[in-house]
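Every heavy atom of this structure was used, including side-chain atoms; hydrogens, water molecules and symmetry mates were not.
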Amino acid sequence: MNVRAKKHLGQHFLNDEHISQQIANSLIGENYKNVLEIGPGMGVLTKYLLKKKYTTHVIEIDKESVEYLKAHYLNLADRIIPKDFLKIDLTEFFGDEQVAIIGNFPYNISTQIVFKTLENRSQIPEFSGMFQKEVALRIAEKEGSKVYGILSVLTQAFYDVEYLFTVPPSVFNPPPKVDSGVIRLTRKENYTLPVDEKLFYKVVKTAFQQRRKTLRNSLKTLNLSDSLREDVIFAKRPEQLSVQEFINLTSKIEKDAI
């Protein structure tokens, strides 16, 4: 019995053993004992993860997939979480232990998975997954590019990002209409910001909402002082700023408000 791919869940089942093995091998696996696979489907990636030294857990919202996994992976049965990753509290399942994230992510929720990872970064040292190629490239992109944006800056503030390889549509059932890309996030040694995190998020999001404008214009809503707006950084457009420059900018705005 095979599981039907459900459109509303964004399911595209990977059916290439070599690529499954490559994704499983993409986790470096240091400084943690637990791995959580999101959306395992019929376990094409899971079977390779189960051979690793860490303890593999899976989280799956699709009841049909859960039943399939219970029937075919008996040694995994008590580590299947039949819930929505976006709605769980990791500490409920892992306490204060570190847990790496991996998966062939449904395209429709992949960016939300990244944001949830950033929120829980103190518990997630490593993350490896497959995205729509365009999204994977955006997360990994550096400043100066048209695809560099909110997702790039916020992810790279806390994690080092590597684009690993591209996956063609032909290895999925049903095949998606676009290429996929696999990336790895490795948490930075210092993953706290030296500025107010909420303000940092607000500055980055506000700047990129009008990405073609200079920061002097796009950040008008933050009611900055005239003297601060004369700073040379405000003549730049958001895509020209590195992650560190966004942190520096946030620090200047913080001091301006005092």
Side-chain angles (χ1 to χ4, degrees), residues 5-7 9-29 35-49 52 56 58-60 85-86 99-121 124-188 204 208 211 239 242-243:
K6 298 165 192 68
K7 201 170 182 180
L9 292 177
Q11 288 175 328
H12 294 275
F13 294 129
L14 181 62
N15 54 26
D16 185 295
E17 297 295 334
H18 175 64
I19 290 171
S20 301
Q21 206 165 0
Q22 268 187 292
I23 297 170
N25 291 343
S26 66
L27 285 176
I28 295 163
V35 168
L36 177 62
E37 182 190 357
I38 298 173
M42 290 180 280
V44 66
L45 176 58
T46 319
K47 64 172 171 251
Y48 293 107
L49 294 172
K52 302 288 185 183
T56 297
V58 299
I59 184 160
E60 177 59 76
F85 174 72
L86 297 177
V99 55
I101 301 291
I102 195 167
N104 166 23
F105 306 130
Y107 291 161
N108 55 350
I109 60 162
S110 62
T111 54
Q112 291 165 270
I113 289 171
V114 173
F115 283 125
K116 169 109 178 180
T117 297
L118 300 184
E119 281 169 31
N120 292 275
R121 63 186 182 275
I124 302 173
E126 198 177 16
F127 172 109
S128 186
M130 181 147 52
F131 294 79
Q132 187 174 331
K133 184 182 180 183
E134 184 189 313
V135 177
L137 287 172
R138 195 182 307 149
I139 296 169
E141 194 55 89
K142 296 294 184 197
E143 69 275 10
S145 156
K146 284 181 180 171
V147 299
Y148 176 75
I150 296 170
L151 203 52
S152 328
V153 176
L154 298 183
T155 307
Q156 292 172 39
F158 308 111
Y159 288 87
D160 291 319
V161 184
E162 294 166 86
Y163 184 93
L164 300 178
F165 56 91
T166 300
V167 181
S170 56
V171 298
F172 294 94
N173 182 25
K177 294 185 170 72
V178 290
D179 282 346
S180 301
V182 177
I183 57 171
R184 176 171 59 224
L185 313 184
T186 308
R187 190 176 60 197
K188 293 185 171 181
V204 173
F208 278 107
R211 63 180 301 140
E239 68 194 43
S242 66
V243 174

- From the list L185, I150, T111, T117, side-chain contact (heavy atoms from CB on, under 4.5 Å) with T155 holds only for L185
- Rounded to the nearest 0.5 angstrom, the OH-NZ distance for Y107 and K177 is 11.5 Å
- V167 and M130: side chain to side chain contact (heavy atoms under 4.5 Å, CB included), yes or no, with the steps? CA-CA 9 Å; V167 181; M130 181 147 52; 3.6 Å; yes
- Item | Closest contact, heavy atoms only, I102 versus I23 | CD1-O, 3.5 Å
- OG-CG distance between S145 and L137, expressed to the nearest 0.5 angstrom: 9.0 Å
- Message: Using modelled atom types and a 3.5 Å cut-off, is there a donor and acceptor pairing between side-chain atoms of S152 and backbone atoms of G149?
- Response: yes
- Nearest heavy-atom neighbours spanning A100 and P125: N-CD, 4.4 Å
- Message: What I'd like to find out is whether the side chain of P169 reaches to under 4.5 Å of the side chain of D179, using heavy atoms alone.
- Response: yes
- Can any side-chain N or O of E126 pair as donor or acceptor with the backbone N or O of I28 at less than 3.5 Å? yes
- Note on the structure: Between the CD1 atom in I183 and the OG atom in S110, the distance rounded to the nearest 0.5 Å is 9.0 Å
- Task: Could you grab the distance from atom CD1 of I59 to atom CD1 of I38, nearest 0.5 Å is fine?
- Result: 7.0 Å
- Check: R121 side chain, R187 main-chain N or O, donor-acceptor pair, under 3.5 Å: no
- Message: Given 3.5 Å as the limit, does a donor-acceptor pair link the side chain of R211 with the main chain of E239, or not?
- Response: no
- Task: Please assess R184 against L27 for the test side chain to side chain contact (heavy atoms under 4.5 Å, CB included), listing each intermediate value before the final yes or no.
- Result: CA-CA 8 Å; R184 176 171 59 224; L27 285 176; 5.7 Å; no
- Could you tell me the separation between the NZ atom of K52 and the CG atom of N25, rounded to the nearest 0.5 Å? 3.5 Å
- Item | Residue pair L45 / E37, side-chain heavy-atom distance below 4.5 Å | yes
- Query: Looking at L49 and T56, what are the two nearest heavy atoms and their distance?
  - Reply: O-OG1, 3.3 Å
- Message: Can you give me the closest heavy-atom contact between A136 and G181, atom names plus distance?
- Response: CB-O, 3.8 Å
- Does the pair F165 and I19 meet the rule for a side chain to side chain contact (heavy atoms under 4.5 Å, CB included), with working shown? CA-CA 10 Å; F165 56 91; I19 290 171; 4.2 Å; yes
- Closest non-hydrogen atom pair, V161 against Q156: CG2-CG, 3.8 Å
- Using a 4.5 Å cut-off on heavy atoms from C-beta on, say whether the side chain of I113 contacts that of F127. yes
- Within a strict 4.5 Å, meaning less than it, do heavy atoms of the Y48 and E17 side chains meet? yes
- Query: How far apart are the C-alpha atoms of V135 and L151, what are their side-chain angles, what is the distance that settles it, and do they pass the side chain to side chain contact (heavy atoms under 4.5 Å, CB included) test?
  - Reply: CA-CA 9 Å; V135 177; L151 203 52; 4.1 Å; yes
- Message: So which atom in L154 and which in F158 form the shortest heavy-atom distance, rounded to 0.1 Å?
- Response: O-CD1, 3.2 Å
- Query: Considering only heavy atoms from C-beta outward, does the side chain of H18 approach that of V171 to under 4.5 Å?
  - Reply: no
- Note on the structure: CD1 (I109) and CZ (F85) are apart, to the nearest 0.5 Å, by 9.0 Å
- Which residues satisfy the ring-ring contact (aromatic ring centres under 6.0 Å, His included) test with F131, sequence neighbours excluded? F105
- Query: Does any N or O in the side chain of E143 come within less than 3.5 Å of the main-chain N or O of Y148, such that one atom is a donor and the other an acceptor?
  - Reply: no
